[in-house]
Number of protein chains: 2
Amino acid sequence: MCAMARPRKPLLSRDLIVETAGALVDAEGLSALSTRRLAAELGVSGPSLYNHFRTKDAILDAVADTVSAQVDLSMFAPDDPRDWRTALHDWAVSYRAALARHPHLVPLLAQGPGRRPAGLRVADTVFGAMVRAGWPPAQATSVGALMRYFVTGSALGSFARGFVDDETAYDPADYPHLGQAHLLAEHREKVDEGAFTTGLRALLDGLGTQYEAGVRDAWGAARRGAGQDT
Amino acid sequence: MCAMARPRKPLLSRDLIVETAGALVDAEGLSALSTRRLAAELGVSGPSLYNHFRTKDAILDAVADTVSAQVDLSMFAPDDPRDWRTALHDWAVSYRAALARHPHLVPLLAQGPGRRPAGLRVADTVFGAMVRAGWPPAQATSVGALMRYFVTGSALGSFARGFVDDETAYDPADYPHLGQAHLLAEHREKVDEGAFTTGLRALLDGLGTQYEAGVRDAWGAARRGAGQDT
DNA sequence: ACCTGAACACCGTTCAAGT
DNA sequence: ACCTGAACACCGTTCAAGT
């Protein structure tokens with residue numbers, strides 16, 4: 001019927017592996033992804049994967065990077081009309097939405113870009129845009145990092161597990177302020193939404209204050225003295 | 001020499017298991033914790049652990065909760081002189097320090113309190129203090145959640161992996177704004193510190209603005225109408 | 001009640017062998 | 001170059017058996 005060991009066309013490719021692994025993780029979670037299970041899903045034997053990736057972790061990294069690639073970065077384009085605060089806001093919302101689409105991958109993505117190309121591109125783009133907007137480089141680095149902290153932290157706390165669904169787990173006597181309402185999964189979604197929105201606004205307000213204080217004194221003087229642009 | 005199967009004193013206890021597991025994870029990371037390895041460390045055979053915990057995950061939950069138990073909550077005591085902003089600041093710093101002491105557990109703790117008692121106590125205490133400070137309950141919930149998002153997100157991005165140590169992983173042509181300096185582990189620590197400090201200040205500034213706006217109009221009126229205290 | 005060895009159904013990865 | 005089966009050194013968990 002078909003050749004056994006060496007077909008003229010390879011059965012596998014990096015893209016096919018990543019796509020299948022991503023679908024498996026989305027459907028059944030990280031723990032469902034084993035090299036053997038993935039290979040079976042691809043109609044192939046376990047060790048075959050090692051012709052295309054050095055380790056299982058490398059596969060997972062590639063899958064995680066497809067999520068970073070979904071994050072909208074158009075607001076940071078040099079000709080985009082949005083100012084840095086609006087850009088940061090819209091980016092955070094898009095970033096969080098991408099993570100929400102792949103809840104099982106959030107724990108990986110929250111650990112930082114590592115050496116994943118799309119993750120690094122996000123960091124690079126945000127940094128570049130903040131510098132262009134007038135933030136000193138050291139501060140621009142902080143802005144990019146702290147926004148990532150907040151978005152990934154909120155995604156992790158919201159989508160990965162959060163509080164537990166079974167409210168009988170809590171003895172109200174032990175936690176006098178945490179009412180029954182806190183413990184319902186449905187209520188939790190609204191809390192997560194509200195906390196994200198409130199936190200994002202607070203963060204951007206606070207950064208705005210720091211930016212304006214900086215423009216008024218030190219940075220402006222330093223940049224004028226050094227003759228740097230914008 | 002010694003009795004084989006049933007000594008008069010149990011060889012194991014929950015506390016001993018949790019302590020040994022915590023030391024193992026701190027020293028060698030999450031992947032070093034297997035039930036068999038942990039049992040060996042305790043001089044016991046693998047299945048013995050199942051007399052004290054239902055699953056390996058239950059052991060890990062207990063270990064994680066010892067970290068939450070290290071978080072300082074004294075700033076939220078009713079008789080503590082610190083106002084809510086200072087209290088939140090000091091708590092965030094203590095929270096982050098506790099996580100930094102146990103970097104390998106951060107991925108677990110960042111997923112939320114689950115049903116871990118110490119984790120729930122933290123959430124309960126912060127919520128109670130914010131309500132006492134004058135935040136409406138729904139907002140107090142958000143404040144607690146968003147602070148947790150930021151602290152755990154920053155700890156995860158900082159201590160767990162972050163950027164990768166080997167700077168040759170990055171081709172500067174691909175990331176025009178990310179200079180060599182971004183990629184050194186030593187530089188990264190300073191960035192993480194700076195981003196945490198900057199973000200925490202921005203968050204508290206922004207929350208202060210929202211609090212004062214709330215006190216000026218809706219909340220104050222509602223609370224005066226309902227005759228609630230402070 | 002608490003520990004044991006044996007067993008089950010898995011893992012990730014290496015490697016010689018095939019084409 | 002790319003896939004295979006066999007093998008190595010592991011896993012978490014169950015369970016009957018011992019005391």
Side-chain angles (χ1 to χ4, degrees), chain A residues 1-25 27-64 104-105 107-108 111 114 161, chain B residues 1-25 27-64 104-105 107-108 111 114 161:
Chain A
M1 203 59 178
C2 60
M4 280 311 288
R6 174 80 166 117
R8 42 185 66 253
K9 265 287 195 170
L11 299 174
L12 256 34
S13 70
R14 289 178 63 96
D15 282 353
L16 184 58
I17 292 169
V18 169
E19 188 185 352
T20 308
L24 184 54
V25 169
E28 303 187 36
L30 273 180
S31 64
L33 185 77
S34 72
T35 55
R36 293 166 130 106
R37 170 81 190 276
L38 174 57
E41 214 89 18
L42 286 158
V44 117
S45 95
S48 305
L49 301 168
Y50 291 84
N51 285 298
H52 303 268
F53 288 93
R54 270 169 39 80
T55 62
K56 178 191 167 181
D57 271 5
I59 299 176
L60 261 178
D61 261 3
V63 172
H104 295 118
L105 291 169
L108 283 191
Q111 312 227 162
R161 194 173 57 183
Chain B
M1 205 59 180
C2 61
M4 281 312 289
R6 174 77 167 118
R8 45 182 66 252
K9 264 287 192 169
L11 300 173
L12 258 33
S13 70
R14 289 177 64 95
D15 281 353
L16 184 58
I17 292 170
V18 169
E19 188 185 351
T20 309
L24 185 53
V25 170
E28 303 187 35
L30 273 179
S31 64
L33 186 76
S34 71
T35 55
R36 294 167 129 105
R37 169 81 190 276
L38 174 58
E41 214 91 17
L42 287 158
V44 115
S45 94
S48 305
L49 300 169
Y50 291 84
N51 285 298
H52 304 268
F53 288 92
R54 271 170 38 81
T55 61
K56 177 190 167 181
D57 270 3
I59 299 176
L60 260 178
D61 261 2
V63 173
H104 295 119
L105 292 168
L108 283 191
Q111 313 227 162
R161 196 173 56 183

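Computed over heavy atoms, backbone and side chain alike; hydrogens, waters and symmetry mates excluded. Residue numbers begin at 1 in each chain, while the letters A, B, ... track the order of the sequences. It should be emphasised that the depicted structure is a prediction, and the values quoted were computed from it without experimental measurement.
- With rounding to whole Å, B:Leu38 atom CG is found 11 Å from D:dC11 atom P.
- Ranking D:dC11, D:dG5, D:dC3 by closeness to the A:Asn51 side chain, first place goes to D:dC3.
- Within the shown strands, C:dT4 is the pairing partner of D:dA16 under the Watson-Crick or G-U definition, both distances less than 3.5 Å.
- Ion pairing between a basic and an acidic side chain is recognised when a charged N comes within 4.0 Å of a carboxylate O; B:Glu28 and B:Arg37 show such pairing.
- Checking D:dT4, D:dC11, C:dT13 against every side-chain atom of A:Val44, the shortest atom distance belongs to D:dT4.
- The phosphate of D:dG12 has neither OP1 nor OP2 within less than 4.0 Å of any side-chain N or O from B:Thr55.
- Across the strands present, C:dC11 finds no partner; the criterion is a Watson-Crick or G-U wobble pair with both atom distances under 3.5 angstrom.
- Taken to the nearest 0.5 Å, the NE2 atom of B:His52 stands 4.5 Å off from the CG atom of B:Leu12.
- Distance CD1 (B:Ile59) to C1' (D:dG12): 11 Å, rounded to an integer number of Å.
- The residue A:Leu33 sits close only to the backbone: its heavy atoms come under 4.0 Å of sugar-phosphate atoms, none of a base.
- Distance OH (B:Tyr50) to P (C:dT4): 14 Å, rounded to an integer number of Å.
- Residue contacts for A:Thr35: at a heavy-atom cut-off of 4.0 Å it reaches a base atom on one of the strands shown.
- Counting to the nearest Å, the P atom of D:dC10 and the NZ atom of B:Lys56 are 15 Å from each other.
- Nucleotides C:dA9 and D:dC10 are separated by 22 Å at their P atoms, to the nearest Å.
- The distance from atom NZ of B:Lys9 to atom C1' of C:dA1 is 14 Å, rounded to the nearest whole Å.
- Here the P atom of nucleotide D:dC2 and the CZ atom of A:Phe53 are 13 Å apart, to the nearest Å.
- Here the side chains of A:Leu30 and A:Leu60 are in contact, with some heavy-atom distance below 4.5 Å.
- Nearest to the side-chain atoms of B:Pro47 among the listed nucleotides C:dT13, C:dG5, D:dG12 stands C:dG5.
- Closest contact between the side chain of B:Arg37 and the listed nucleotides C:dG12, C:dC3, D:dC11 involves D:dC11.
- Of the candidates C:dC11, C:dC3, D:dC3, C:dC3 carries the atom nearest the B:Leu11 side chain, counting heavy atoms from C-beta on.
- Among C:dC11, C:dC3, C:dT4, the nucleotide with an atom closest to any side-chain atom of B:Ser45 is C:dT4.
- If you take CG on A:Leu49 and NZ on A:Lys56, they are separated by 11.0 Å, rounding to the nearest 0.5 Å.
- Taking the side chain as every heavy atom from C-beta outward, A:Leu42 and A:Leu11 never approach each other to under 4.5 Å.
- Contact check for A:Thr20 versus A:Leu16: side-chain heavy atoms found under the 4.5 Å cut-off.
- The residue among B:Ser13 and B:Arg36 whose nearest nucleotide of DNA chain C is located toward the 5' end is B:Ser13.
- The CZ-P distance, from B:Arg14 to C:dA1, rounds to 16 Å in whole Å.
- Taking only side-chain nitrogens and oxygens, A:Ser34 comes nearer than 4.0 Å to OP1 or OP2 of C:dC11.
- Applying the 4.0 Å criterion to OP1 and OP2 of C:dC3, one finds that B:His52 has a side-chain N or O inside that range.
- C:dG12 atom P lies 14 Å from atom CD1 of A:Ile17, rounded to whole Å.
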